[in-house]
2 protein chains.
Amino acid sequence: MHYTVNKLAKLSGVSVRTLHFYDEIGLLKPAYYGDNNYRYYEEEQLLMLQQILFYRELGFPLNEIQRIVNGNDFDKVEALNSHKLILKNDLDRTQALLKTIDKTILLLRGKTKMRNEELFYGFDSEKQKGYEKYLVDSGKVSQEVIDQSRKNVKHWKKEDWDKFKSDGDELHKEFVTAIEQKLSASSPEVQKLVERHYQAIKIFWTPTKESYVGLGQLYQTPEFRVFYDSRHPDLLVFMIEAMMIFAARELS
Amino acid sequence: MHYTVNKLAKLSGVSVRTLHFYDEIGLLKPAYYGDNNYRYYEEEQLLMLQQILFYRELGFPLNEIQRIVNGNDFDKVEALNSHKLILKNDLDRTQALLKTIDKTILLLRGKTKMRNEELFYGFDSEKQKGYEKYLVDSGKVSQEVIDQSRKNVKHWKKEDWDKFKSDGDELHKEFVTAIEQKLSASSPEVQKLVERHYQAIKIFWTPTKESYVGLGQLYQTPEFRVFYDSRHPDLLVFMIEAMMIFAARELS
DNA sequence: ATTGACTCTAACGTTACGTAATACCTTAAG
DNA sequence: CTTAAGGTATTACGTAACGTTAGAGTCAAT
């Protein structure tokens with residue numbers, strides 16, 4: 001029994017081009033070529049293709065597949081085990097990205113409905129509950145993200161919110177002072193300010209390198225720009241530059 | 001304050017080449033070019049790059065990023081929401097792949113320690129426990145996979161195993177008969193046999209299109225080949241071809 | 001003026017094929 | 001036997017997002 005490219009392609013679900021390509025790179029050669037230069041495959045090649053597609057499905061690159069299918073069982077188990085680590089990393093990363101998206105949506109949508117201070121420094125508890133309910137019901141963000149950030153401030157009293165708010169104001173003023181003193185964003189003084197900003201953010205959620213710098217993305221939206229620009233025209237850019245430097249240095 | 005490519009690159013963590021490239025595709029143009037044709041960036045571009053990197057980190061392709069950053073907040077929320085679906089699919093897929101790998105390792109390693117019949121039709125319960133413990137302790141497979149497959153046969157008595165075994169023998173014999181009658185792998189008769197095989201496998205775990213066809217990958221290992229080839233030299237290839245056809249037709 | 005660090009453009013390499021374009025071959029029908 | 005449909009071949013460009021030379025001009029400091 002022999003298969004032409006089309007037969008084998010339809011049987012296995014790959015395209016004719018793919019078989020041509022696999023022949024070209026030596027991954028799967030036909031059993032023989034006819035006088036017409038046609039490719040003819042036999043059962044042996046069907047079995048080989050079967051294995052190739054299995055590993056391809058798992059996300060192995062073709063050059064590794066070539067090594068694997070020519071190796072013994074031990075090699076295969078080794079490859080599968082190390083591939084597991086890669087996939088687990090993918091998994092973690094994707095989960096982190098989903099959380100970041102949830103947080104960003106929360107903030108992007110939130111700022112159109114709340115005053116900046118509420119968004120930035122905390123929430124009016126009545127409005128907040130209705131708002132969170134809407135977000136969860138509509139599937140915009142996972143309950144987990146809200147729970148996490150709320151858990152951290154659950155016990156806060158009005159004084160805590162006021163302190164947090166005045167601390168923030170104070171921090172921004174010191175940034176402005178630094179700008180006026182023409183300090184560099186990378187200077188130790190400014191970096192200490194960033195450190196304080198980072199710690200303040202941490203109360204709500206622990207930022208990673210990317211998500212911390214990603215905060216700058218939020219600060220650029222119109223409503224926030226108004227807030228920052230009113231303090232000093234260069235405040236936003238200065239803070240973002242300083243945050244970038246901080247992230248590059250401090251956060252792995 | 002202006003930044004040269006190098007300055008901006010070091011600040012933001014991207015390469016100079018990337019800035020060149022973003023200029024080339026129009027994603028991020030410098031504020032102006034010097035007489036020397038050098039690229040000079042200003043704060044505005046720093047902010048823009050900041051946004052670009054945020055969305056890049058989330059896995060958006062550059063052409064979409066271009067649309068997004070030039071759009072309004074509503075567009076951004078839309079994009080983030082639809083991107084969530086993609087990421088969730090990735091998540092599910094990756095989790096499925098990890099399970100497939102676990103199962104494959106379980107089988108690839110198992111077959112060197114167990115007789116074919118035990119692996120294929122069930123396990124000697126004493127040897128099995130020690131073996132599973134080893135697998136879990138060494139981190140080779142997740143407890144979940146073992147639990148799942150074991151849960152399904154937990155209540156089985158010796159008669160059940162014997163029946164499963166004799167059913168399998170019977171099935172193989174009918175495949176051999178089909179070969180001798182020169183039936184096609186795609187014929188209704190043979191496809192009914194595959195259906196029975198599929199249902200039998202399902203007792204342990206529900207296969208997807210890929211994982212079912214992936215079974216063929218296992219059957220090709222030496223120990224299994226002996227088993228199949230002893231029944232009929234063409235049995236293995238015939239079954240795999242029939243399984244492929246079945247998967248393409250029946251499993252979305 | 002020299003040197004080292006930086007910048008530019010141009011162009012090929014990467015992965016795993018998809019998509020023509022052009023030409024030859026095979027098979028079944030008329 | 002011719003013809004038309006459909007299968008097959010080779011060649012080669014396109015894709016995404018840059019990395020990596022390579023050659024040549026530029027800037028800053030000694």
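First the proteins, then the strands, lettered A, B, ... as listed; each starts at 1.
- Distance CZ (A:Phe21) to P (C:dT19): 15 Å, rounded to an integer number of Å.
- Protein atom NE2 of B:His20 is 19 Å distant from nucleotide atom P of D:dA17, rounded to whole Å.
- Taking the nucleotide of DNA chain C with the nearest heavy atom to each of A:Ser15 and A:Tyr38, the more 5' of the two is matched to A:Ser15.
- Using a 4.0 Å heavy-atom criterion, one finds that A:Val16 contacts no nucleic acid atom at all.
- Put simply, A:Thr18 has a side-chain N or O that comes within less than 4.0 Å of OP1 or OP2 on C:dG18.
- Remark: the backbone N or O of A:Asp90 is paired with a side-chain donor or acceptor of A:Thr94 at under 3.5 angstrom.
- Under the 3.5 Å distance criterion, with hydrogens and angles disregarded, a donor-acceptor pair is assigned to the side chains of B:Asp23 and B:Tyr33.
- Comparing A:Thr4 and B:Asn63 along DNA chain D, the residue whose closest nucleotide (by nearest heavy atom) sits nearer the 5' end is A:Thr4.
- For B:Asn37, no side-chain nitrogen or oxygen approaches OP1 or OP2 of D:dG25 to under 4.0 Å.
- Between the NZ atom of A:Lys10 and the P atom of D:dT8 there is a distance of 8 Å, given to the nearest Å.
- At C:dC8, none of the side-chain N or O atoms of B:Tyr33 fall inside 4.0 Å of OP1 or OP2 (strictly under the cut-off).
- Residue B:Arg39 places no side-chain N or O under 4.0 Å from the OP1 or OP2 atom of C:dT7.
- With a 4.5 Å cut-off on side-chain heavy atoms, B:Tyr55 and B:Lys76 count as touching.
- Distance, B:Glu24 CD to D:dG19 P: 13 Å, rounded to whole Å.
- Distance A:Asn6 CG to D:dT8 P: 4 Å, rounded to the nearest Å.
- Between A:Leu62 and A:Ile65, some side-chain heavy-atom pair lies under the 4.5 Å cut-off.
- Closest to the side chain of A:Leu62, from the set D:dT8, C:dT7, C:dC17, is C:dC17.
- Between B:Tyr198 and B:Phe246, the ring planes are tilted. Angles from 30° to 60° get that label.
- Comparing C:dT7, D:dT8, D:dC18 by their nearest atom to the side chain of B:Tyr22 picks out D:dC18.
- The distance from atom CG of B:Leu28 to atom P of D:dA17 is 15 Å, rounded to the nearest whole Å.
- Across the protein-nucleic acid pair, B:Arg17 atom CZ and D:dT20 atom P stand 11 Å apart, rounded to whole Å.
- The interatomic distance linking B:Asp23 (CG) with D:dC18 (P) rounds to 14 Å, in whole Å.
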